[in-house]
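Let me begin by presenting the structure, written as C-alpha cells, before commenting on it.
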Amino acid sequence: MDYPISKIEAKIANALQKLGYEEEVVIIPSNRPELGDYQYNGIMPIAKKNGLNPLELAQKLVDLIKNEPEFKNLNIAGPGFINISFSDSFLLDFMNKSLEDITLNYKQNFNKTIFLDYGGPNVAKVLHVGHLRSANIGEALKRICLATGNKTISDVHLGDWGRPMGMVILEIKTRYPDLAYFQENYQGEPVNFNLTNEDLLELYPIATTKAKENPEIMEEARLINYKLQNKEPGYYALWQKIVEVSIKEVKRLYKILNVSFDLWEGESDNFQYMEEMFEYLYSKDIIKESEGAKVIPVKEENDNKEMPPLILIKSNGAVSYEATDLAAIWERTHKFNPDEIWYLTDKRQELHFTQVFRAAQKSNMVNPDLKLVFNGFGTMNGPDGKPFKTRDGGVMPLKELLARVTKECEKRLMPSITENRENIAETIAVAAIKYADLLPFRTTDYNFDIEKFTDLNGKTGTYLLYSTIRMKSLLNKANTSVSKIKVISTPIERNIILCMLDLKRIIKRSYENYSLNEICEYLYKITNLYNNFYAENKILTEENTDKKMSWLTLTKIIYDNNCYLLNILGINIPEKM
Ligand code: ARG
C-alpha cells in the first residue's frame with residue numbers, strides 16, 4: 001500500500017513535469033501550522049536554476065493541482081513556499097488505511113542486508129551499564145532495520161578469547177590443581193566441576209591483578225593462553241565450561257531486556273579465520289614490521305588527528321583486538337556478504353574501528369561497496385557526571401541497576417495489584433531504563449536519575465506504558481469492534497492525525513541517524529496529544545454514534561501504533577500497572 005505523503009509528492013512532481021521541470025519532490029510538516037499542514041520548499045531552487053520568478057512558478061503549480069481532492073487549501077507564502085492543508089477525506093482515508101495495516105507508516109525501500117554487532121559482553125566479566133547501552137541501542141536499531149524492510153543478521157560478539165582467559169584458567173588451576181582438566185592424560189571427558197557465574201566474577205579481578213603484578217604469573221598465563229589457542233584438551237574443555245557458565249547469565253539478563261541475537265559468536269570464532277586472513281594480507285604485501293610488531297599503516301593524507309598504524313601482532317607476540325576485529329570482518333563478509341556492517345560500542349572505541357575499517361578497505365579484503373558503520377554512543381553517568389559507578393567505585397553491574405530500578409517501580413505499582421508484582425515491576429523497570437537510555441541522541445552522555453526515569457508524569461517509559469495501557473482499557477470498556485473513522489470533530493484530533501502522518505519521516509530519520517531519540521520524542525508527543533484529547537472528550541458516553549465510533553477507532557490506531565513503536569524500542573507492555 002502506498003504511503004499517502006509519497007502520493008502527494010508524486011502528484012506535485014507530476015505537475016512540475018507538465019510545466020517542464022524534472023524534480024524530486026519532498027514535502028515536510030509545516031513549521032507554521034497556522035498557514036498549512038505541510039509545506040513544499042522546492043520552488044525557489046527550481047526557479048533559480050531556470051531563471052524564473054518563483055512566485056509565478058508557484059502560482060502555476062498551485063493552479064494545476066489546487067482542485068485535487070487531497071487538498072483543502074494551497075497558499076503561497078514568502079518568496080514562494082507552498083503551504084498545503086489537507087482535506088478531511090484525505091486524512092480520514094490515511095487513518096483508515098493505517099487501521100488496516102499500520103506497517104504502511106514504517107516500510108521504506110532500503111532492502112539491504114545489514115549485519116549488526118552489538119552487546120559485546122566479555123566472558124568471566126561482569127555485564128555492566130556500558131554493555132546495557134550497546135545491547136539496548138543495537139536491539140532497537142535492528143528492529144528499525146526490520147520494520148523498514150531490511151534483512152538483518154545480529155551477532156553478540158562475545159569477548160571470549162585472549163590473555164585474560166589464560167589468567168582466569170591459571171587462577172582456577174592454582175586453587176584446584178587436582179582437577180581432571182589439569183592432568184597429563186586428560187582427553188576431553190566430562191568433569192564434575194561446579195563453577196558458577198559468581199565464582200567467575202570473583203575470580204576475574206584477582207586473576208588479572210595477580211598477573212599484572214607478577215611477571216612470572218603473567219608468563220604462565222601467556223603460556224596457558226597459547227596452549228588454549230592450540231586447543232590443548234584440558235585448557236580447552238575448561239575454557240568451554242567458563243564460556244558456558246558466563247553465557248547462561250548473559251542470556252538470562254538479555255532475556256529480561258528483550259534483546260536477542262541470531263548468532264552467538266565470539267572472538268574465538270573469528271580467531272579461526274586468522275591464518276587464512278594473514279595469508280591473504282601477506283599476499284597483498286600490506287603488513288609492515290615496526291618495532292617488533294606487525295602493523296598495517298592506515299594514515300591518510302587528510303587526517304587531522306593522529307592515526308597510528310593498526311597493530312596486528314604486538315611485539316610480545318600477542319594477537320591484538322584489532323586483528324580479531326579484522327578477522328571478524330573477514331569471516332562475516334565471506335559467510336554472509338552483507339551490504340552493511342554496523343557496530344555499537346562506546347564512542348571511545350572510535351579510533352579502533354577507524355583503523356580496522358581502513359585496513360579492511362586498503363587490503364581490498366572487502367568489496368568496495370560494503371558500508372562499515374561505527375555507531376559510538378555516550379556513557380551513562382552517575383550524579384557526579386562521571387561514568388556510573390557502584391558505591392565502592394566499581395563499574396555498575398547491569399544486574400544491580402535493574403534490581404534498583406525494579407524496586408523503585410514496585411513502590412509505584414497500584415496497591416490493588418497483588419499478583420506478580422515483582423514481574424510487573426521488572427517489566428516497567430526495563431521500560432524506564434530503556435526509554436531513558438534511548439531518549440538522548442546516541443552520542444550524548446546522560447545522567448542516571450532513578451526518580452526522573454520512573455516518574456509517571458514525565459517524558460518516561462513509565463508514562464508511556466501507563467498511557468498505552470489506559471488506551472487499551474478504554475477499548476476494552478467500550479467493548480465494540482472498531483471499523484472506521486468517519487468524522488474529525490475537534491482540532492486536536494486533526495493534530496493527532498497529522499502527527500501520525502509524520503511518522504514515516506521520523507522512522508527514516510532514525511534509521512539514517514542510527515539513533516532512537518526522535519522515535520522516543522515522537523512517542524511522547526503523540527501520547528501527549530492523545531491524552532489531551534482523552535481529557536477533553538467523554539468518549540464512552542458520547543451520544544453521536546459517528547463521533548463515538550470515530551474516537552474509538554482513533555484510539556485503536558494510536559494504541560496499535562504505540563505498541564508497534566514500543567516494540568521497536570524493545571519495550572514490553574504489562575497488562576496493568
Ligand atoms: N567486548 C568489547 C568490550 O567490552 C566490545 C566488543 C565490541 N565489538 C567489536 N566487534 N569489537 O569493550
Side-chain angles (χ1 to χ4, degrees), residues 119-131 156-184 186 188 191-253 264 266-271 313-321 323-324 346 349 387 389-400:
N122 298 312
V123 162
K125 272 173 96 173
V126 65
L127 201 64
H128 59 70
V129 294
H131 296 116
V156 70
H157 197 76
L158 284 175
D160 62 351
W161 211 234
R163 197 164 299 171
M165 291 295 117
M167 299 175 194
V168 170
I169 292 174
L170 176 58
E171 180 62 21
I172 295 177
K173 191 176 180 180
T174 314
R175 293 186 189 189
Y176 313 101
D178 297 335
L179 272 177
Y181 298 120
F182 307 123
Q183 310 314 316
E184 283 281 341
Y186 179 76
V191 176
N192 189 6
F193 174 43
N194 184 16
L195 180 73
T196 66
N197 194 55
E198 278 68 36
D199 296 336
L200 287 173
L201 296 187
E202 187 255 338
L203 267 161
Y204 188 94
I206 297 175
T208 48
T209 311
K210 275 189 184 172
K212 270 176 211 147
E213 285 172 357
N214 184 334
E216 271 168 40
I217 295 185
M218 182 64 99
E219 181 52 25
E220 226 181 312
R222 194 191 65 79
L223 204 68
I224 290 181
N225 190 44
Y226 177 79
K227 289 179 179 169
L228 168 64
Q229 298 196 337
N230 287 298
K231 300 201 178 160
E232 203 178 280
Y235 294 137
Y236 194 72
L238 176 54
W239 170 80
Q240 282 179 314
K241 171 107 190 172
I242 295 170
V243 173
E244 184 195 302
V245 169
S246 270
I247 287 191
K248 203 169 153 207
E249 171 65 3
V250 168
K251 284 195 171 164
R252 189 186 72 81
L253 285 166
W264 277 81
E267 295 175 4
S268 62
D269 296 287
N270 310 142
F271 189 81
I313 299 187
K314 301 180 203 168
S315 53
N316 65 12
V319 174
S320 68
Y321 181 42
T324 309
D346 186 310
Q349 294 198 29
K389 295 262 157 52
T390 52
R391 214 163 289 155
D392 57 16
V395 289
M396 175 65 86
L398 189 52
K399 197 170 145 182
E400 195 177 322

(message) The criterion is ring pair (Phe, Tyr, Trp, His ring centres under 6.0 Å); which residues satisfy it with Tyr226, sequence neighbours excluded?
(response) none
(request) Search all heavy atoms of Gly188 against all heavy atoms of Pro233 and return the closest pair with its distance. (result) N-CB, 4.4 Å
(request) Kindly compute the distance separating CD1 (Ile224) from CD1 (Ile169), expressed to the nearest 0.5 Å. (result) 6.5 Å
(message) According to ring pair (Phe, Tyr, Trp, His ring centres under 6.0 Å), who are the partners of Phe182, at least two apart in sequence or on a separate chain?
(response) none
(message) To the closest 0.5 Å, what do you measure between NZ (Lys173) and CD (Glu220)?
(response) 6.5 Å
(request) Hey, could you give me the CD1/CG distance between Ile172 and Asp199, rounded to the nearest 0.5 Å? (result) 8.5 Å
(request) Examine distances only and state if a side-chain atom of Lys210 and a backbone atom of Glu171 form a donor-acceptor pair shorter than 3.5 Å. (result) no
(message) A side-chain contact here means heavy atoms from C-beta on lying under 4.5 Å apart; do Pro387 and Val395 qualify?
(response) no
(request) Considering only NZ, NE, NH1 and NH2 on the basic side and carboxylate oxygens on the acidic side, decide whether Lys248 and Glu244 come within less than 4.0 Å. (result) no
(request) Please lay out, stage by stage, how Glu213 and Met218 fare under the test side chain to side chain contact (heavy atoms under 4.5 Å, CB included). (result) CA-CA 8 Å; Glu213 285 172 357; Met218 182 64 99; over 6 Å; no
(request) Applying side chain to side chain contact (heavy atoms under 4.5 Å, CB included), run through His131 and Asn122 and close with a yes or a no. (result) CA-CA 9 Å; His131 296 116; Asn122 298 312; 3.8 Å; yes
(message) For a quick test of reading the model, state the closest non-hydrogen atom pair linking Ala318 to Arg163 and the distance between them.
(response) CB-NH2, 3.6 Å
(request) Check whether any side-chain heavy atom of Tyr204 lies under 4.5 Å from a side-chain heavy atom of Val126, and answer yes or no. (result) no
(message) With a 3.5 Å distance limit and no angle check, can you tell me whether Asn225 reaches the backbone of Arg222 through a side-chain donor-acceptor pair?
(response) no
(request) Walk me through it: do Asn270 and His157 pass the test side chain to side chain contact (heavy atoms under 4.5 Å, CB included)? (result) CA-CA 9 Å; Asn270 310 142; His157 197 76; 3.1 Å; yes
(message) Testing the basics here: between Ala221 and Leu170, what is the closest heavy-atom pair and its distance to 0.1 Å?
(response) N-CD2, 3.9 Å
(request) Would you sort out whether Leu200 and Leu195 count as a side chain to side chain contact (heavy atoms under 4.5 Å, CB included), showing the intermediate values? (result) CA-CA 8 Å; Leu200 287 173; Leu195 180 73; 4.1 Å; yes
(request) Indicate yes or no for a side-chain donor-acceptor contact from Asp160 to the backbone of Ser268 under 3.5 Å, with no hydrogens or angles considered. (result) yes
(request) Report yes if some heavy atom in the side chain of Leu127 is under 4.5 Å from a heavy atom in the side chain of Glu249; otherwise report no. (result) no
(request) Quick one: pull up NZ in Lys125 and OG1 in Thr208 and give me the separation to the nearest 0.5 Å. (result) 8.0 Å
(message) Going by the rule ring pair (Phe, Tyr, Trp, His ring centres under 6.0 Å), which residues pair with Tyr186 if we only count those two or more places apart in sequence or in a different chain?
(response) Tyr181
(request) State the CG-CG distance between Leu203 and Asn197, to the nearest 0.5 angstrom. (result) 11.0 Å
(request) Heavy atoms only: give me the nearest Leu201-Ala124 pair and the separation to one decimal. (result) CD2-O, 4.0 Å
(request) Work out which heavy atom in Tyr236 is nearest to a heavy atom in Leu228; give both atom names and the distance. (result) CA-CD1, 3.7 Å
(message) Quick check for you: to the nearest 0.5 Å, what is the distance between Tyr235 atom OH and Lys227 atom NZ?
(response) 5.0 Å
(request) Could you check if a side-chain atom of Phe271 sits within less than 4.5 angstrom of a side-chain atom of Val319, using non-hydrogen atoms only? (result) yes
(message) Can you give me the closest heavy-atom contact between Ala211 and Ile217, atom names plus distance?
(response) CA-CG2, 3.8 Å
